[in-house]
Amino acid sequence: MAPKIFIDGEHGTTGLQIRTRMAGRRDVELLSIPEAERRNAAMREDMLNGADIAILCLPDDASKEAVQMVSGNNNVRVIDTSTAFRVNPGWAYGFAEMDGAQADRIKAARFVANPGCYPTGAIGLIRPLRAAGILSDGYPVTVNAVSGYTGGGKQMIAQMENPGHPDAITAPHFLYGLPLIHKHVPEMTVHGLLDRAPIFSPSVGKFAQGMIVQVPLHLGDLAEGTTMESIHAALAAHYAGQDIVTVVPLAESKALPRVNAVELEGKDTMKLFVFGTSGASQVNLVALLDNLGKGASGAAVQNMDLMLAS
Ligand SMILES: NC(=O)C1=CN([C@@H]2O[C@H](COP(=O)(O)OP(=O)(O)OC[C@H]3O[C@@H](n4cnc5c(N)ncnc54)[C@H](OP(=O)(O)O)[C@@H]3O)[C@@H](O)[C@H]2O)C=CC1
Ligand SMILES: CC(=O)N[C@@H](CCC(=O)OP(=O)(O)O)C(=O)O
């Protein structure tokens with residue numbers, strides 16, 4: 001019998017994109033609730049408990065409530081796309097490529113926390129350099145990023161797409177998270193293996209899906225002898241053989257005049273770049289992804305497939 005999958009929040013931005021990715025799959029059976037009943041707690045509880053894997057695409061509080069609903073039922077495994085459990089040690093962090101053992105942890109887990117979109121880029125760049133001893137203890141990491149507006153869910157989509165919305169946003173590009181206490185900082189710190197929280201400056205552009213995450217570094221403050229080439233080699237070695245996360249060859253990135261935030265729209269892959277000038281003292285590490293691809297829905301399907309393969 002095909003494993004049963006229930007997407008709680010299937011009518012929201014992340015849930016819909018997971019459904020699209022699952023359309024046509026015959027190896028799983030999708031359980032579904034009509035849109036008008038999406039907040040019907042009794043119906044959700046039934047569906048959640050009838051699933052082999054429940055994928056939660058809900059705000060944090062609703063995710064916590066859903067986890068409560070299945071807490072006594074060991075037959076249900078959970079992938080949560082919210083921020084609620086990402087630094088909870090009882091949950092496997094759903095970023096399979098972040099270290100060699102993570103895919104196996106996800107395969108074996110009952111509870112998997114899908115990463116945030118920005119942290120996927122930041123951790124993807126930072127963690128291999130921490131693990132290799134290149135990014136020194138105490139280094140003051142900064143993470144600057146731009147996201148497509150679907151990152152803000154149904155509410156921001158309406159604000160960006162509907163000029164008649166009472167809180168319509170007309171800016172083509174805006175900074176937010178200005179108090180520097182964004183909900184993604186804890187997971188960047190923990191899973192980035194940082195001993196000091198990064199300064200995180202997010203922004204949104206007037207495009208639906210796409211993301212650029214930048215981590216600029218001063219080479220002189222990294223492990224002795226670090227160069228642009230050695231950073232690239234460490235990232236390339238870490239992701240060797242991977243096809244979802246890839247490291248762009250230096251020769252290729254040196255020839256690029258610009259990076260297009262929407263290049264990977266609709267794709268579930270992530271590209272990592274090392275920019276700078278050979279022999280100079282600074283580099284800029286860049287991750288390019290779709291906030292709803294490897295940044296959310298694509299990663300959730302990848303995690304589901306790992307769990308089904310266990
Ligand atoms: N959008 C993105 O790029 C990313 C999103 N995420 C995370 O994924 C989760 C979902 O976000 P997103 O899809 O963007 O949000 P949306 O607002 O687009 O969708 C959320 C869905 O959950 C439903 N919902 C809200 N509260 C409840 C409740 N109490 N009970 C049942 N259903 C409820 C909403 O219904 P209603 O329409 O009635 O409000 C809606 O259908 C969030 O935790 C978000 O942070 C993670 C990575 C990236
Ligand atoms: C553009 C925008 O608003 N983005 C969201 C993050 C999207 C995301 O990754 O959400 P989760 O952390 O819940 O998974 C934000 O900054 O809150």
Side-chain angles (χ1 to χ4, degrees), residues 6-20 32-45 47-48 54-69 79-87 93-95 112-123 143 145-161 169 171 173-188 191 200-213 261 265-266 268 289-301 303:
F6 174 55
I7 305 165
D8 198 357
E10 64 186 297
H11 303 288
T13 311
T14 307
L16 271 174
Q17 290 238 350
I18 294 175
R19 267 199 347 192
T20 308
S32 182
I33 284 186
E35 187 167 6
E37 300 294 343
R38 64 187 181 280
R39 284 174 178 257
N40 180 326
M43 225 183 219
R44 289 174 49 228
E45 184 158 7
M47 289 287 177
L48 286 164
I55 307 180
L56 312 180
C57 300
L58 303 163
D60 286 22
D61 287 349
S63 269
K64 288 178 190 157
E65 181 195 73
V67 169
Q68 271 304 112
M69 287 176 179
I79 299 169
D80 178 40
T81 65
S82 84
T83 319
F85 302 103
R86 293 185 188 149
V87 294
Y93 192 63
F95 187 174
V112 174
N114 217 51
C117 44
Y118 295 117
T120 300
I123 294 163
V143 179
V146 61
S147 172
Y149 59 79
T150 54
K154 285 166 85 171
Q155 192 185 336
M156 189 176 287
I157 294 170
Q159 288 174 280
M160 296 293 280
E161 292 185 352
I169 300 172
H173 180 208
F174 61 89
L175 294 180
Y176 69 107
L178 304 175
L180 300 179
I181 43 175
H182 193 278
K183 63 182 180 175
H184 284 177
V185 172
E187 64 182 293
M188 288 186 197
H191 300 294
F200 174 44
S201 176
S203 66
V204 167
K206 207 166 188 67
F207 53 89
Q209 292 176 227
M211 175 165 281
I212 294 175
V213 180
E265 179 180 5
D268 294 339
L289 64 156
D290 179 339
N291 56 293
L292 283 171
K294 182 61 172 163
S297 309
V301 174
N303 287 326

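Atoms within each ligand, like the ligands themselves, are counted from 1 in listed order. Just the heavy atoms: all of them, side chains too, but no hydrogens, waters or symmetry mates, feed the values below. Quick note: residue numbers are just sequence positions, from 1. Just so we're clear, the structure is a prediction, and the values are computed from it rather than from any experiment.
- Relative orientation of the Tyr93 and His191 rings is parallel, given thresholds of 30° and 60° on the angle between their planes.
- Considering backbone and side-chain atoms alike, Pro115 places every N or O at 3.5 Å or more from each N or O of ligand 2.
- Given atom 2 (C) of ligand 2, the protein heavy atom at minimum distance is Tyr176 OH, 3.2 Å.
- Counting heavy atoms from C-beta on, the side chains of Leu56 and Leu48 come closer than 4.5 Å.
- The minimum heavy-atom distance between Val204 and Val146, with the atom names listed, is C-CG2, 4.0 Å.
- Between Cys57 and Ile18, some side-chain heavy-atom pair lies under the 4.5 Å cut-off.
- Using a non-hydrogen distance threshold of 4.0 Å, Tyr149 does not register as a contact of ligand 2.
- Listed by number with element, the atoms of ligand 2 under 4.0 Å from a non-hydrogen atom of Gly152 are 1 (C), 2 (C), 3 (O).
- No donor-acceptor pair under 3.5 Å is formed between the side chain of Asn291 and the backbone N or O of Ser147.
- Of the candidates Arg86, Met211, His184, the one placing a heavy atom closest to atom 14 (O) of ligand 2 is Arg86.
- When all heavy atoms of Glu187 and Pro119 are compared, the closest pair comes out as CD-CG, 3.3 Å.
- Glu10 places a side-chain N or O within 3.5 Å of a backbone atom of Ile33 that can act as its donor or acceptor partner.
- Under the 4.5 Å side-chain criterion, counting only non-hydrogen atoms from C-beta, Phe95 is in contact with Lys294.
- Atoms of ligand 2 found under 4.0 Å from any heavy atom of Val204 (numbered from 1 in listed order, with element): 1 (C).
- A donor-acceptor contact closer than 3.5 angstrom links the side chains of Glu161 and Tyr149.
- Annotation: ligand 1 has protein neighbours His11, Gly12, Thr13, Thr14, Arg38, Arg39, Arg44, Cys57, Leu58, Pro59, Ala62, Thr81, Ser82, Arg86, Thr150, Gly151, Gly153, Lys154, Lys183, Asn291, Leu292, Gly295, Ala296, each with a heavy atom less than 4.0 angstrom from the ligand.
- Nearest protein neighbour of atom 15 (C) of ligand 2, counting heavy atoms only, is His182 NE2, 3.4 Å.
- The ligand atoms of ligand 2 that sit less than 4.0 angstrom from a heavy atom of Thr81 are 14 (O).
- Remark: minimum distance from atom 5 (C) of ligand 2 to any protein heavy atom is reached at Gly151 O, 3.4 Å.
- The shortest non-hydrogen separation linking Ala66 to Asp8 is CB-OD2, 4.0 Å.
- What you find for Val143 and Met188 is that their closest heavy atoms are CG2-SD, 4.1 Å.
- Closest protein heavy atom to atom 9 (O) of ligand 2: Cys117 SG, 2.7 Å.
- The shortest non-hydrogen separation linking Thr83 to Asp60 is N-OD1, 3.2 Å.
- Heavy-atom proximity to Thr83, at under 4.0 Å, picks out these atoms of ligand 2: 11 (P), 12 (O), 13 (O).
- What sits closest to atom 13 (O) of ligand 2 on the protein, heavy atoms only, is Lys183 NZ, 2.8 Å.
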